[in-house]
Number of protein chains: 2
Amino acid sequence: MIFTWVAIVLQAWEGKLRGLGYRVTAPRRAVLRALARAHRPLSVAELHKRGRAQYACLGLVTVYRTLQMLERVGLARRIHAGGACRSFVASTPGHSHTITCEHCEKTAEFDGDDVCLLPAGLEERTGYRVSGHWLQLVGVCRSCRASGD
Amino acid sequence: MIFTWVAIVLQAWEGKLRGLGYRVTAPRRAVLRALARAHRPLSVAELHKRGRAQYACLGLVTVYRTLQMLERVGLARRIHAGGACRSFVASTPGHSHTITCEHCEKTAEFDGDDVCLLPAGLEERTGYRVSGHWLQLVGVCRSCRASGD
DNA sequence: TGGTAACTGAAAGTGATTTTCACTTGGGTC
DNA sequence: GACCCAAGTGAAAATCACTTTCAGTTACCA
Ligand SMILES: [Mn+2]
Ligand SMILES: [Mn+2]
Ligand SMILES: [Zn+2]
Ligand SMILES: [Zn+2]
């Protein structure tokens with residue numbers, strides 16, 4: 001039996017959900033798999049379509065509910081693009097950020113914190129004590145650079 | 001005649017719009033004023049309500065259209081909060097960021113660039129060349145700190 | 001003081017998301 | 001393996017967040 005990367009990730013996710021008291025159901029598996037296979041942020045409608053390839057009667061409402069749950073436990077992350085936050089990528093729990101290719105939308109996650117590295121004197125200048133941040137990067141991925149932008 | 005800060009800002013904004021070829025109309029003034037007086041991000045519906053205090057028959061559609069225009073010229077900025085990007089604050093044109101108080105939502109703008117200050121080696125680690133970023137900070141403002149969080 | 005393109009609000013249209021509810025099912029219990 | 005039942009599900013309807021259309025109004029320039 002051959003395990004793909006996606007299969008391994010799905011195993012881990014299902015274990016995590018079970019550990020948190022969530023049931024692992026066929027509809028949820030279909031959403032999880034669609035999310036794990038994607039290389040770019042997908043809208044709810046896209047995830048619904050892809051999820052149906054695995055589980056034909058998957059309901060759109062279930063996709064919404066599953067994404068909400070995955071976001072809550074840190075396995076999915078909402079991506080801001082085009083003035084809205086309507087697409088999702090797989091994610092690892094904990095603090096991290098994403099960078100999305102402006103050509104192909106391929107999205108990667110990275111950590112290693114950063115905004116401790118803010119403008120010196122920001123707290124003095126603004127009067128705010130910084131307690132958190134939200135950051136998303138845009139860039140050009142390696143393969144898009146190779147193929148001439 | 002006494003000029004408030006809001007009145008001065010509005011003068012400047014109206015001049016800027018005129019300079020760009022936009023007409024300065026009563027509905028637009030009402031939206032501008034609602035935005036200039038706010039200390040926190042406001043939803044379109046909130047701006048509509050506040051705008052009506054000044055111009056009673058202000059249409060919701062005009063609020064949408066005015067915000068779109070203000071965003072285009074850099075005088076308004078969409079704020080990401082609570083999984084959506086549906087509220088707006090006044091803004092100055094050019095690259096800058098905001099910090100929002102987690103208690104009272106009061107929002108300030110700051111510049112001085114930052115994300116040149118990203119994790120060292122990010123481009124090598126991820127393979128992406130960074131070309132842009134979206135950053136919003138959360139914190140506690142001075143007055144909320146003073147009044148015991 | 002017109003003339004007119006820009007602008008406006010109401011109403012209708014659209015797409016995204018949430019709510020409701022009767023039915024199904026995962027996973028623990030015996 | 002059969003049973004139980006709270007958790008989960010999908011269809012339909014309701015709600016929300018815009019966007020489009022269109023007939024009228026108005027800012028601003030000649
Ligand atoms: Mn960070
Ligand atoms: Mn910046
Ligand atoms: Zn790319
Ligand atoms: Zn505050």
Side-chain angles (χ1 to χ4, degrees), chain A residues 10-11 13-34 41-73 75-76 78-88, chain B residues 10-11 13-34 41-73 75-76 78-88:
Chain A
L10 289 182
Q11 282 295 315
W13 286 1
E14 293 181 9
K16 163 141 191 162
L17 293 190
R18 252 186 275 263
L20 289 167
Y22 294 103
R23 290 187 184 170
V24 174
T25 65
R28 283 180 176 171
R29 260 196 256 267
V31 175
L32 283 173
R33 201 177 74 121
L42 296 180
S43 69
V44 176
E46 285 172 319
L47 285 165
H48 182 219
K49 174 137 57 133
R50 293 183 185 205
R52 282 193 142 161
Q54 162 158 3
Y55 181 71
C57 62
L58 176 65
L60 179 60
V61 184
T62 297
V63 180
Y64 277 103
R65 289 191 279 229
T66 301
L67 285 170
Q68 184 177 41
M69 184 260 293
L70 292 175
E71 216 181 347
R72 193 161 53 236
V73 305
L75 294 177
R78 195 179 279 269
I79 294 295
H80 173 95
C85 294
R86 290 195 179 126
S87 54
F88 293 83
Chain B
L10 289 181
Q11 283 294 318
W13 287 0
E14 293 180 9
K16 163 141 192 163
L17 293 189
R18 252 187 277 263
L20 289 166
Y22 294 103
R23 290 186 185 170
V24 174
T25 66
R28 282 179 179 170
R29 273 204 188 92
V31 176
L32 284 173
R33 201 178 74 123
L42 296 180
S43 70
V44 175
E46 285 171 319
L47 285 165
H48 182 217
K49 174 140 51 138
R50 294 184 183 206
R52 282 192 142 162
Q54 161 157 6
Y55 182 71
C57 61
L58 176 65
L60 180 60
V61 184
T62 297
V63 181
Y64 278 104
R65 287 190 282 229
T66 302
L67 285 170
Q68 185 177 54
M69 185 259 292
L70 291 175
E71 214 182 349
R72 192 162 54 236
V73 306
L75 293 178
R78 193 179 281 268
I79 294 293
H80 172 95
C85 294
R86 286 186 186 140
S87 54
F88 293 83

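When reading the values below, keep in mind they use all heavy atoms of this one structure, side chains included, and skip hydrogens, waters and symmetry mates. Per chain, numbering begins at 1; letters A, B, ... match sequence-line order.
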Enumerate all atom pairs, one protein N or O and one N or O from nucleotides 27-30 of chain C, separated by less than 3.5 Å.
{"unit_1": "C:dG27", "atom_1": "OP1", "unit_2": "A:R18", "atom_2": "NH1", "d": "3.3"}
{"unit_1": "C:dG27", "atom_1": "OP1", "unit_2": "A:V24", "atom_2": "N", "d": "2.9"}
{"unit_1": "C:dG27", "atom_1": "OP2", "unit_2": "A:R18", "atom_2": "NH1", "d": "3.2"}

B:E71 CD to D:dC18 C1', in whole Å, measures 14 Å
Looking at A:L58, is its backbone amide N or carbonyl O close enough to the side chain of A:R52 to form a donor-acceptor pair, meaning the two atoms are under 3.5 Å apart? yes
How many Å lie between CG on A:L70 and C1' on D:dG8, as a whole number? 14 Å
Minimum-distance pair of heavy atoms, taken over all atoms of A:G51 and A:A30: O-CB, 3.5 Å
Could you state the atom-to-atom distance from CG of B:L20 to P of C:dC7 in whole Å? 11 Å
To the nearest Å, how far apart are A:L67 CG and C:dA16 P? 14 Å
Could you go through nucleotides 19-23 of chain D and list every protein N or O atom that sits under 3.5 Å from one of its N or O atoms, giving the distance for each pair?
none

Can you name the closest pair of heavy atoms from A:A34 and A:L47 and give their distance? CB-CD2, 3.9 Å
Who are the salt bridge (Lys or Arg N to Asp or Glu O under 4.0 Å) partners of A:R23, not counting sequence neighbours? none
I need the CG-P distance between A:L42 and C:dA16, as an integer number of Å. 14 Å
Pairing residues for B:Y55 by the side chain to side chain donor-acceptor pair (under 3.5 Å) criterion, not counting sequence neighbours: none
If you compare all heavy atoms of A:L17 against all heavy atoms of A:M69, which two are closest, and at what distance to 0.1 Å? CD2-SD, 3.8 Å
Between P of C:dC7 and CG of B:L17, the distance in whole Å: 10 Å
When rounded to the nearest 0.5 angstrom, what distance separates CG in B:L60 from CZ in B:R65? 10.0 Å
Interface with DNA chain C, restricted to residues 80-88 of chain A and to heavy atoms under 4.0 Å: A:R86
Over how many whole Å does the gap from A:R28 atom CZ to C:dT24 atom P extend? 19 Å
Taking every non-hydrogen atom, the tightest pair across A:H80 and B:C85: ND1-SG, 3.0 Å
Going from CG on A:L75 to CG on A:L67, what distance comes out if it is rounded to the nearest 0.5 angstrom? 11.0 Å
How would you list, by chain and number, every residue that makes a side chain to side chain donor-acceptor pair (under 3.5 Å) with B:R33, sequence neighbours excluded? B:Q54
Find which nucleotide of DNA chain C each of A:R78 and B:T66 is nearest to by heavy atoms, and output the residue with the more 5' nucleotide. B:T66
Given atom CD of B:E46 and atom C1' of D:dC18, what is their separation to the nearest angstrom? 17 Å
Where B:S87 and B:S43 come nearest, the two heavy atoms and their spacing: CB-N, 4.0 Å
